[in-house]
Number of protein chains: 2
Amino acid sequence: MAKRISHQKSMCGVARPLDAIGDWWSLLIIRDAFDGLRRFGEFQKSLGLAKNILSARLRNLVSHGILDTVPASDGSPYQEYVLTAKGRGLFPVLVALRQWGEEFFFEPGEQHVTLVDKEKGSPVQRLRLLAEDGRLLGPTDTVITFPEAVVAD
Amino acid sequence: MAKRISHQKSMCGVARPLDAIGDWWSLLIIRDAFDGLRRFGEFQKSLGLAKNILSARLRNLVSHGILDTVPASDGSPYQEYVLTAKGRGLFPVLVALRQWGEEFFFEPGEQHVTLVDKEKGSPVQRLRLLAEDGRLLGPTDTVITFPEAVVAD
DNA sequence: ATATATCGGTTGCAAGTTGAAACCACAAGA
DNA sequence: TCTTGTGGTTTCAACTTGCAACCGATATAT
């Protein structure tokens with residue numbers, strides 16, 4: 001089942017997540033879980049994937065601690081799949097992906113749903129990456145390394 | 001080559017991106033591109049994937065307008081792969097994934113590289129999602145809909 | 001009691017994808 | 001000339017995907 005990354009060098013902070021959610025369907029399952037879906041059949045109907053695949057994906061997500069199975073909630077003898085804290089931690093990933101999709105994958109003017117602030121109904125801002133001192137950071141302003149203990153400038 | 005999603009409902013702002021970068025390697029290639037890698041051989045050495053796969057992935061990324069091929073830069077008769085604006089737009093996605101990975105995929109105390117502010121060398125803050133009026137938003141504070149379509153309760 | 005349906009899967013199998021290794025074309029160097 | 005390095009393509013066995021059929025447990029209808 002595991003995609004088998006044999007590469008140590010790649011097992012960085014980006015590669016490890018991909019090992020858990022790096023396939024196509026998993027993120028869509030998680031997105032639906034954020035939307036409140038919990039039952040096998042709900043996911044299957046929403047996503048339209050084959051049941052064996054859904055079964056495998058759910059099992060994989062549970063084994064990675066992203067979803068958890070809880071006995072039931074409404075009488076039925078089945079289980080439900082709910083996001084763990086780790087799973088809920090994927091919220092920024094979904095938002096980032098969605099914002100990128102909205103910016104580059106829709107024609108200007110093409111009608112589509114978007115992420116809005118529930119309280120006000122107004123669109124959210126873009127995700128922001130801030131430095132420790134509050135400066136807004138872009139791709140060229142960061143580097144991947146061990147944080148310096150340095151304080152002096 | 002395309003994973004062929006036939007599901008209209010799924011072709012939302014999350015699914016469209018996944019159609020372009022939804023496989024395991026593509027994001028790692030893009031990550032390396034952010035790190036300054038440009039040449040076929042550099043990607044191959046860094047990632048350790050088979051050359052045919054790399055070739056296919058690069059072609060796919062170029063066809064999606066995420067990478068662009070430029071003739072050469074240092075005399076060699078080959079081409080280089082550079083991020084387009086669309087590709088650079090993936091920066092928040094990578095950051096989100098990395099921050100999630102750092103939070104949940106490393107033992108507390110396990111040594112690992114992280115994203116730091118290039119200027120100061122200090123760790124960056126977590127990505128923030130802000131409402132239009134500046135409130136910090138979490139998973140339960142947002143909903144996916146058409147903007148302004150919210151009904152008062 | 002019997003038939004039927006629904007839910008949450010598993011199993012079988014055909015088709016598609018992946019990836020290691022071999023091969024190829026071109027250019028530079030010895 | 002022969003060798004090395006770069007940037008791929010081709011080949012082919014192994015693996016993954018996904019449709020469809022099946023299964024067992026409950027629920028509902030007759």
- [ ] Return the value, rounded to whole Å, for the distance between atom CD of Q44(B) and atom P of dT9(D).
- [x] 13 Å
Task: E110(A), CD: over 12 other non-hydrogen atoms inside 6.0 angstrom - done: yes
Task: Interatomic distance where CD1 belongs to I29(B) and P belongs to dG8(D) [whole Å] - done: 12 Å
- [ ] If a pair satisfies salt bridge (charged side-chain N to carboxylate O under 4.0 Å, His left out) and one of its residues is in residues 91-106 of chain B, list it, with sequence neighbours excluded.
- [x] E103(B)-R126(B)
TODO: Cation-pi check, R39(A) to Y78(A): give yes when NZ or CZ is under 6.0 Å from the six-membered ring centre and within 45° of the ring axis, no otherwise.
DONE: no
- [ ] Could you state the atom-to-atom distance from CG of L47(B) to P of dA20(C) in whole Å?
- [x] 12 Å
Task: W25(A) side-chain N/O to dT17(D) phosphate OP1/OP2 under 4.0 Å - done: no
TODO: Taking atom types as modelled, find out whether S55(B) and R59(B) have a side-chain donor-acceptor pair closer than 3.5 angstrom.
DONE: yes
Between the protein and nucleotides 6-11 of chain C, are there any N/O to N/O pairs under 3.5 Å, and if so, what are the atom names and distances?
| unit_1 | atom_1 | unit_2 | atom_2 | d |
| --- | --- | --- | --- | --- |
| dC7(C) | O2 | Y78(A) | OH | 3.2 |
| dG8(C) | OP1 | R39(A) | NE | 2.6 |
| dG8(C) | OP1 | R39(A) | NH2 | 2.9 |
| dG8(C) | OP2 | G41(A) | N | 3.0 |
| dG9(C) | OP2 | Y81(A) | OH | 2.7 |
| dG9(C) | N7 | K51(A) | NZ | 2.9 |
| dG9(C) | O6 | K51(A) | NZ | 2.6 |
| dT10(C) | OP2 | S55(A) | OG | 2.5 |
| dT10(C) | OP2 | R59(A) | NH2 | 3.0 |

TODO: Round to the nearest Å and state the distance from L54(B) atom CG to dT9(D) atom C1'.
DONE: 13 Å
- [ ] For T114(B) and F106(B), run side-chain contact (heavy atoms from CB on, under 4.5 Å): C-alpha distance rounded to whole Å, both residues' side-chain angles, the deciding distance at 0.1 Å, then the answer.
- [x] CA-CA 12 Å; T114(B) 187; F106(B) 289 88; over 6 Å; no
TODO: Nearest whole angstrom, please: distance from the P of dC15(D) to the CD1 of I53(A).
DONE: 17 Å
- [ ] Can you tell me the distance, in whole Å, between the CH2 atom of W24(B) and the P atom of dT17(D)?
- [x] 14 Å
TODO: Starting from C1' on dT17(C), measure out to CZ on R57(B) and report it in whole angstrom.
DONE: 9 Å
Open item on the list: Both A50(A) and P77(A) contact DNA chain D. Which one's nearest nucleotide lies toward the 5' end?
Closed with: A50(A)
Task: Hydrophobic cluster membership, F34(B) vs I144(A), 4.5 Å side-chain cutoff - done: yes
